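Numbers restart at 1 for each chain; the letters A, B, ... are given by sequence-line order, proteins then strands. It should be emphasised that the depicted structure is a prediction, and the values quoted were computed from it without experimental measurement.
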Protein chains: 2
Amino acid sequence: MRRALAERPLPSADDHAARFARQREADRTATAEDYVELIADLLREEGEARAVDLARRMGVSQATVTATIGRLQRDGLVETKPYRGLFLTEEGGRLAAAAKARHDLVVRFLLALGLDHETAEADAEGVEHHVSEKALKAFARFLADRETPGR
Amino acid sequence: MRRALAERPLPSADDHAARFARQREADRTATAEDYVELIADLLREEGEARAVDLARRMGVSQATVTATIGRLQRDGLVETKPYRGLFLTEEGGRLAAAAKARHDLVVRFLLALGLDHETAEADAEGVEHHVSEKALKAFARFLADRETPGR
DNA sequence: TCCAAAATTTAGCCTAGGCTAAGTATTGTC
DNA sequence: GACAATACTTAGCCTAGGCTAAATTTTGGA
Ligand SMILES: [Mn+2]
Ligand SMILES: [Mn+2]
Ligand SMILES: [Mn+2]
Ligand SMILES: [Mn+2]
C-alpha cells in the first residue's frame, strides 16, 4: 500500500519569493562561471584560451563571445591580449577554481548515482549553478560513504 | 592516501557545445515551467490564481507578470479572465503537472540526502530545470532503495 | 449609488545574451 | 615581403525578463 504524497502547503509569499530570487541570481552568474571555467580549462589543457575556441566550445558566435568577454573584463574577471588569447585575473582564477571544483563534485555525484558519463556531464553543466553549499556537502558525504561503506 | 583526481580531458568541441546548448534551452523554458506550476498550485490551494499573487510569490513587479503572462498566452499555456485570475490551457496543465512531479521528486531526493526542508525547496527551484530524465530515474531509484533497504 | 482601494495594463526604460553581415587587424606561409 | 587565411571587432538587429511611474479598469463596501 502506498502512502499518500506528503501535503506541501504553499510557503509564505516572502519565502517563496526568496527562492525564486536565488534562482534568478544563480542564472545571472552562470555565464560568468562557465566562461572562466572554460578559459581555465583551455589554459591548462591547451596552453592558451582563444576567443574563437570559446565560441566553438560554447556553441555560440564569435560576436557573442566578444560581447560576453567584454562584460567579464568590465567585471574584473578576465584580461585579453589581442591575438594572444584570454587570461584570468586573480578574482577570475578564484571563480574558475571554485566553479571547477563544484562542477567536478556534481559530476562525480551523478556518476555515483549511476548516470552515464555524458549525461552526468551534461546535467552537471546546468545543475552546478543551482546547488547550495549544503547540497554540495551532502553530495560529498554521499561519495565518502560510498568509498568506506562499512566504516 | 588519496587517489589522484581523475583526469577529465576536454570533450570534443561539438559535445561541449551540445551541453551548453542544452543548458540554454533549459534556461529558456524555466520561467514558463515555474509560472504554470505556481498557477496550478494557486488554483488548487486557493481556488484562484491572480496576477497580483503571482507577482508577490515570484518576487517580481506586477508589470513583469503582465508581460510574462502575455508570453505564456502567446505560447498557448495560459488563459486570462481579467479580474478573475489566470487559468491553464490543456497544454499548460500538462506542463504544470510534469513540472510539479519533477519538482516534488527533486525535493524528496534532496531531503533524503539530508538537506533541511527550506534548502531542499530552494535548491530544487533551480535544479529541477536542469535534471535529465535519466537523472530523475536515478533519484527515484535512490529513494526506492532507501525505503526497502534490505530487499 | 458612489467612490476609494485594489488589480491590471501601458509606456518607457534597462541589461544579458543571442544572431548575421561586414568590417579590420594579425599571423604565418610561400 | 606579400597576402590569404584566420582572428577579432563593430554595427545593427532581436527576445526574455527585469524595473518604475502613470494610467485605467474593476470591485466591493459604506
Ligand atoms: Mn555550467
Ligand atoms: Mn561547468
Ligand atoms: Mn523552478
Ligand atoms: Mn518548481
Earlier contact from the 5' end, DNA chain D, for G85(A) and R24(A): G85(A)
Presence of salt bridge, E125(A) and R22(B), under 4.0 angstrom: no
For chain B, the stretch of DNA chain C it reaches, first to last nucleotide, under 4.0 Å of its heavy atoms: dA7(C) to dG18(C)
Passing option when R102(A) is tested against E128(A), E133(A), E33(A) for side-chain hydrogen bond (donor to acceptor under 3.5 Å, both in side chains): E33(A)
Residues D104(B), K100(B): salt bridge by 4.0 Å N-O rule: yes
Electrostatic pair D27(B)-R24(B), nearest N-O below 4.0 angstrom: no
H130(A) and H130(B) aromatic ring geometry - parallel, tilted or perpendicular at 30°/60° bounds: parallel
Ring center gap for Y35(B) and F20(A) short of 6.0 angstrom: no
Members of residues 61-84 of chain A that approach DNA chain C, where some heavy atom sits under 4.0 Å away: S61(A), A63(A), T64(A), R71(A), R74(A), Y83(A), R84(A)
5' priority, DNA chain C, between V52(B) and T29(A) [closest heavy atom]: V52(B)
Sequence neighbours excluded, every pair satisfying side-chain hydrogen bond (donor to acceptor under 3.5 Å, both in side chains) that has a member inside residues 69-80 of chain B: T68(B)-R71(B)
Aromatic plane relationship, F142(B) with F142(A) - under 30° parallel, 30 to 60° tilted, over 60° perpendicular: perpendicular
